Novice: 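Please find one structure pasted underneath; my questions will follow.
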Amino acid sequence: LKRAVVRLISSGTLVEEAFLTPRQSNFLCSLSSSPNNTHYGFSVIDISTGEVAVHNVEESHLSSLLARYDPHEMIISSHLQDHLPPSVRNFIRANNPGILDAPDSPSCMLSVVDDSYWDDSSLASLILQHSELSILQQPLSRGSFSSMEKQSLSALLAYVGTMQMGRYPRLFFTETEISATLELDKNTRDSLNLTRGYHNSTLGSVLHVPSPRPAHAVTLDHTATVMGSRCLHNRLSSPLTSPEAINGRLDVRVWCQRDP
């Protein structure tokens, strides 16, 4: 019987539905920094669905990005480990009391990877070699990614490739990557109870679904599938600010009602 390691597992690379939260995406993110640690490249992926987004962000906006995606694992370099921005440190401590001192069983895993992961010199060739990554080819060739974005994206893809033994999901950009969204920090989100309520559960939030669900339950979540629930969660986490994007979303809803 031939035996081999076919996959490595971490908090951000799970794909089995039995281990994933049904109504929330399982995001893995990577964070690269400028030499003076004032700007950051922030790349995020959910390998169970193929959603990907790439951001160039100032430190003051990091907290809203972390609150929006709520990643289950974060990839950083050894340099950044010693110079964690305050917003990242606060996010880690809020989600994992004691992780910075004893990172044994966090709900958001902090992974420090080798410096070679952040080398973006082979990023273009990697994308050409794997058709699943073709969505990244056009923005890369156009020069749409900054150097920090390319570094964070390189580390993200290298990490996924290592954990998945060279296999990648077919990627597509998240809706929030294409459309402008409202920035909300964690405190604002918690106050509004958008996706979290009592003790970080959905109880008390607008997404709470009673179990068993009453016939006339007052809830926003009437989705029938796991992917639908995750889509609703992501849309509530990232409110649109563009009238064109909002109207486009409403047009889709009207079409679905007319032609179910």
Side-chain angles (χ1 to χ4, degrees), residues 11-12 21 23-34 36-46 49 51-76 80 83-97 99-100 106-111 139 144-146 148-153 155-156 173-197 200-202 204-207 220 230-246 249:
S11 299
T21 304
R23 301 180 182 278
Q24 184 180 1
S25 297
N26 186 49
F27 283 119
L28 163 72
C29 78
S30 65
L31 190 67
S32 63
S33 65
S34 62
N36 57 1
N37 294 331
T38 57
H39 286 75
Y40 297 87
F42 185 99
S43 297
V44 62
I45 185 175
D46 182 346
T49 62
E51 293 178 87
V52 66
V54 185
H55 300 273
N56 186 3
V57 61
E58 295 180 358
E59 200 281 329
S60 58
H61 295 159
L62 262 179
S63 59
S64 62
L65 268 184
L66 290 169
R68 178 198 303 178
Y69 292 109
D70 195 14
H72 288 189
E73 183 176 1
M74 185 182 302
I75 306 168
I76 60 172
L80 198 57
H83 302 85
L84 276 180
S87 55
V88 174
R89 188 174 290 272
N90 292 337
F91 174 81
I92 294 295
R93 281 184 170 148
N95 286 273
N96 315 278
I99 182 179
L100 296 177
S107 58
C108 176
M109 183 176 176
L110 192 63
S111 300
S144 301
F145 295 143
S146 67
M148 289 175 297
E149 288 176 312
K150 288 190 289 187
Q151 289 173 12
S152 66
L153 186 58
L156 190 69
F173 283 121
T174 63
E175 190 177 30
T176 57
E177 177 76 356
I178 302 170
S179 306
T181 58
L182 181 66
E183 290 191 5
L184 299 171
D185 60 25
K186 185 178 185 302
N187 291 334
T188 303
R189 293 172 187 273
D190 290 345
S191 298
L192 294 173
N193 294 129
L194 289 177
T195 57
R196 289 182 178 180
N200 275 342
S201 69
T202 59
S205 76
V206 296
L207 283 181
L220 287 180
R230 291 176 183 169
C231 179
L232 177 60
H233 181 283
N234 292 340
R235 287 185 173 185
L236 281 174
S237 298
S238 310
L240 295 176
T241 58
S242 165
E244 293 80 7
I246 294 172
R249 185 179 287 178

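Being a predicted model, the structure only gives us computed values, none of them experimental. Excluded from the calculations below are hydrogen atoms, water molecules and symmetry mates; all remaining heavy atoms, backbone and side chain alike, are included.
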Novice: S87 and E59: side-chain donor and acceptor closer than 3.5 Å?
Specialist: yes
Novice: With no hydrogens and no angle check, is any side-chain donor or acceptor of D46 less than 3.5 Å from a backbone partner on F27?
Specialist: no
Novice: Can you list the steps and then say if T241 with I246 is a side chain to side chain contact (heavy atoms under 4.5 Å, CB included)?
Specialist: CA-CA 8 Å; T241 58; I246 294 172; over 6 Å; no
Novice: Given side chain to side chain contact (heavy atoms under 4.5 Å, CB included), test E51 with R230 step by step and report yes or no.
Specialist: CA-CA 11 Å; E51 293 178 87; R230 291 176 183 169; 5.8 Å; no
Novice: With a 3.5 Å distance limit and no angle check, can you tell me whether E149 reaches the backbone of S146 through a side-chain donor-acceptor pair?
Specialist: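 Checked: pair present.
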Novice: So which heavy atom on M109 is nearest to which on S11, and how close?
Specialist: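 Smallest heavy-atom distance, with atoms named: CB-OG, 3.7 Å.
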Novice: Please round to the nearest 0.5 Å and tell me the distance separating atom CD of E183 and atom OG1 of T188.
Specialist: 11.0 Å
Novice: Taking the side chain as every heavy atom from C-beta outward, state whether Y40 and N56 have any atom pair closer than 4.5 Å.
Specialist: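 A side-chain contact under 4.5 Å is absent here.
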Novice: For the OG atom of S144 and the NZ atom of K150, what is their distance to the nearest 0.5 Å?
Specialist: 10.5 Å
Novice: Going by the rule side chain to side chain contact (heavy atoms under 4.5 Å, CB included), which residues pair with S152 if we only count those two or more places apart in sequence or in a different chain?
Specialist: S30, S32, S43
Novice: Does a donor on one side chain sit under 3.5 Å from an acceptor on the other, for N234 and S25?
Specialist: yes
Novice: Evaluate side chain to side chain contact (heavy atoms under 4.5 Å, CB included) for I75 paired with L28, printing each intermediate quantity in order.
Specialist: CA-CA 8 Å; I75 306 168; L28 163 72; 3.8 Å; yes
Novice: Return the CG to CG distance between L31 and L62, rounded to the nearest 0.5 Å.
Specialist: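 Nearest 0.5 Å value for the CG-CG distance: 5.5 Å.
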Novice: What distance separates L110 CG from L84 CG, expressed to the nearest 0.5 Å?
Specialist: 6.5 Å
Novice: Under the side chain to side chain contact (heavy atoms under 4.5 Å, CB included) criterion, do H39 and M148 qualify, and how do the steps go?
Specialist: CA-CA 8 Å; H39 286 75; M148 289 175 297; 3.5 Å; yes
Novice: Could you tell me which residues satisfy side chain to side chain donor-acceptor pair (under 3.5 Å) with E73, sequence neighbours excluded, listed by chain and number?
Specialist: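 Per chain and number, E73 pairs via side chain to side chain donor-acceptor pair (under 3.5 Å) with S10, S111, Y159.
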Novice: What is the distance from atom OG of S238 to atom CG of L182, rounded to the nearest 0.5 Å?
Specialist: 9.5 Å
Novice: Is any side-chain heavy atom of T181 closer than 4.5 Å to one of S242?
Specialist: no
Novice: Do the ring planes of Y69 and H55 sit parallel (below 30°), tilted (30 to 60°) or perpendicular (above 60°)?
Specialist: tilted
Novice: Hey, what do you get for CE (M74) to CZ (F42), rounding to the nearest 0.5 Å?
Specialist: 6.5 Å
Novice: Does a donor on one side chain sit under 3.5 Å from an acceptor on the other, for N37 and H83?
Specialist: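 Side chains of N37 and H83: no pair found under 3.5 Å.
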